[in-house]
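Chain A is the first sequence line, chain B the second, and so forth, proteins listed ahead of strands; every chain is numbered from 1.
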2 protein chains.
Amino acid sequence: MPRNSPSDARRGRRAAQEGARPSVQDVAKLAGVAVGTVSNVLNNPDRVTEFTRRKVEAAIAELGFVRNFAARTLVAGTTNTVGLVLVDIGNSLFVDIARGAEAATAASGLKLLLANSDVDQAKQDAYLELFDQAQTAGLLLAPLDGPLDAARAIARRGRPIVVVNAPAADPDMCCVAVDEQLGGYLAAHHLIAQGARRLAFVGGPLHLHAIRDRLDGARQAATEASLDLTVIETHALNVRDGRTAGGNLLRQSRRVDGIVCASDPLAVGVINAAAERGVGVPDDLVVVGYDNNHLASESLIPISTIAQPGLRMGEVATQLLLEETQNDPDHRHQTVVLEPHLIARRSSQRRRPTTNRLRTP
Amino acid sequence: MPRNSPSDARRGRRAAQEGARPSVQDVAKLAGVAVGTVSNVLNNPDRVTEFTRRKVEAAIAELGFVRNFAARTLVAGTTNTVGLVLVDIGNSLFVDIARGAEAATAASGLKLLLANSDVDQAKQDAYLELFDQAQTAGLLLAPLDGPLDAARAIARRGRPIVVVNAPAADPDMCCVAVDEQLGGYLAAHHLIAQGARRLAFVGGPLHLHAIRDRLDGARQAATEASLDLTVIETHALNVRDGRTAGGNLLRQSRRVDGIVCASDPLAVGVINAAAERGVGVPDDLVVVGYDNNHLASESLIPISTIAQPGLRMGEVATQLLLEETQNDPDHRHQTVVLEPHLIARRSSQRRRPTTNRLRTP
DNA sequence: AGCATTATTTGAATCGATTCACGGGCGACT
DNA sequence: AGTCGCCCGTGAATCGATTCAAATAATGCT
């Protein structure tokens, strides 16, 4: 016994043609079933007869039905989507973080949406709010070096949020950080091991936590070796500032022979300045960059650098987020600190390394 | 006469404390007004008395009320959000496109969400579907070199979608493309003008539309000058393949003196290979890259390159999308073709350029 | 004061997918 | 034959913000 008249089916078809997007109602009418059945076909196919399923699927195909995500979300109260707000989509570290997060979310059947705050606090907060309003399962934030109030507010409202690459721990949220000080230390220590004795640090602005930490680490390594460390604060982390700083350093009478740069572009600039002055890299001057950007490995003189574990940062952050999402009762907010590592390339590899500070049995 | 009992207000407060997110209902109760009024405070503040507004805002603040985006979207049937699916978030061209799109959407009060398909057709289609389901105002797609069926289906369903950096025009959607052939032509023509006579093209794989077009353009320039063009197809567009290809080319007896590379990393590789063999760039060999990536300008020998107007691509695409969104009745799907331009740097600038082919009055 | 306007506020209806208590149909087992 | 269960399918109720016709308050005008 047919449960609905042919006119019902006709109406469903018409709705689609008239531009209004078909709903489960339309599909149900066309297929001659109840809306609940359509929903079951979509969400619990095994609760439905093969025959019914076919009918419904045919109707879906005929109408070009697409689920309304908003309605789903409204009922469910949440989504299977994670939002990631990035401070700078042009920086390969953040791209790596995004990749890591993508991999980890995809492995859990979640979608990852990105937003680029473009080093703008207002935009950052706006996108955080958007994701919060959109009922995302959780949020990831690779923030700029500023207040995290908006993120903290979201965390306190109960939406899971994990901060990646942030300077400090926080009682309200999980964080994933990198030991920047260790990075600076590794860089300087490496140069000293290569025989450098007159060290300099190039980077800035120093009000940025990360940069200051890197400087502190470098300074510690220098102090341990009883060496001085000249500091040149730059305005930005780009090639031009590196060239300027390098030029200034190499012009001085007591020339430096080892430079720790707070970024790879700075290192490129320093090396360019050295080339202009006929200072040989690595023979007369050893240089280390930071971040392992593409240009470090692809430069004519491959640049030694401190590599940040971007992919792992994204993965770990997502892991922490998922833990929190699953409402693990004994989840405690924590800060995971990952370690950077040195990638030694040509820019710091003396052909005739001094034996100084090399341990021999 | 009070419209609601104190217990109403208490209930609102309790709801928030119990973890369930407060709704407009809760706010209305706490503020002692109707839900419609709360909505007006949020959306039409000038329809509401100063006094009422204050009350409602206080309640919102006290409860930490956050709008439910899903409910809004369900009623409105659309959002003020645009989705952009990118084929490769690690490539600076696409980052530029994203930046352009961001700027243009922000200027129209829209938010831009990104998704990285990571050169994976399945992911690309999944994200397109997600954005479609999420009722975005429109979609932007910087696709991989594959079928655009999913995008076309979305377009036919009536959701505006614009394809950026796609190979071909399409009757169902607007597209923004770059004249790749012109880019190849400009590169080769420039090398010829610099005096190069034994030309090569390095790039691949050639089944990619863009690469083939660049080759065609370069070939055309060579033909016009009655010159041969050696073609080395590479597996990828990276430094390593460039070095290999460059090594092979420079080993030959009749050495090339001008190389058009289909990417900047390839050019870096070629230049590295030249340096290894003692071939001077630009004096013995002129080289042009493609895409104007960071490493082109920041290389020790700054690399001439064909710059794509990434920012403009993003802006124009967004413009087209917005036109379509506003249901302009006389909107016709169109393909806007933008032109790349040459950026001449040191890698192609002969110190003693031949006068050949230079026009004199 | 009396009436017309305008300014505020109200609250039921709406959007569309999901949920779930309910019921019809059918086979199995006693 | 009777009854217990199970399988499928049903459709009203639900999520929460917005809308809008209607009610009410406030103001202006004569």
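Checked against salt bridge (Lys or Arg N to Asp or Glu O under 4.0 Å), B/Asp125 has no partners two or more places apart in sequence or in another chain. For A/Asp145, the salt bridge (Lys or Arg N to Asp or Glu O under 4.0 Å) criterion is met by no residue, not counting sequence neighbours. Here A/Asp149 pairs with A/Arg152 under the salt bridge (Lys or Arg N to Asp or Glu O under 4.0 Å) rule; sequence neighbours left out. Scored by the salt bridge (Lys or Arg N to Asp or Glu O under 4.0 Å) test, B/Arg54 finds B/Glu50 as partners (sequence neighbours excluded).
As judged by a 4.0 angstrom heavy-atom cut-off over every strand, B/Thr73 is placed among residues making no nucleic acid contact.
Ring geometry for A/His331 against A/His333 counts as perpendicular: the plane angle is over 60°, on a 0 to 90° scale with 30° as the lower cut.
What separates CZ of B/Phe51 from P of D/dA25 is a distance of 15 Å, to the nearest Å.
Among the candidates A/Arg159, A/Arg156, A/Arg157, the single residue satisfying the salt bridge (Lys or Arg N to Asp or Glu O under 4.0 Å) test with A/Asp172 is A/Arg156.
With hydrogens and angles disregarded, no donor-acceptor distance shorter than 3.5 Å links the side chain of A/Asp120 to the backbone of A/Ser117.
Comparing the helix axis at one end of the helix from C/dA1-D/dT30 to C/dT30-D/dA1 with that at the other, each defined from 5 consecutive pairs, gives an inter-axis angle of 40° (nearest 10°).
From A/Phe69, atom CZ reaches atom CD of B/Gln135 across 10.0 Å, with rounding to the nearest 0.5 Å.
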Self-check item: Where protein sits on nucleotides 16-22 of chain C, one letter per nucleotide: B base, S sugar-phosphate only, - none, heavy atoms under 4.0 Å
Solution: BBSB---

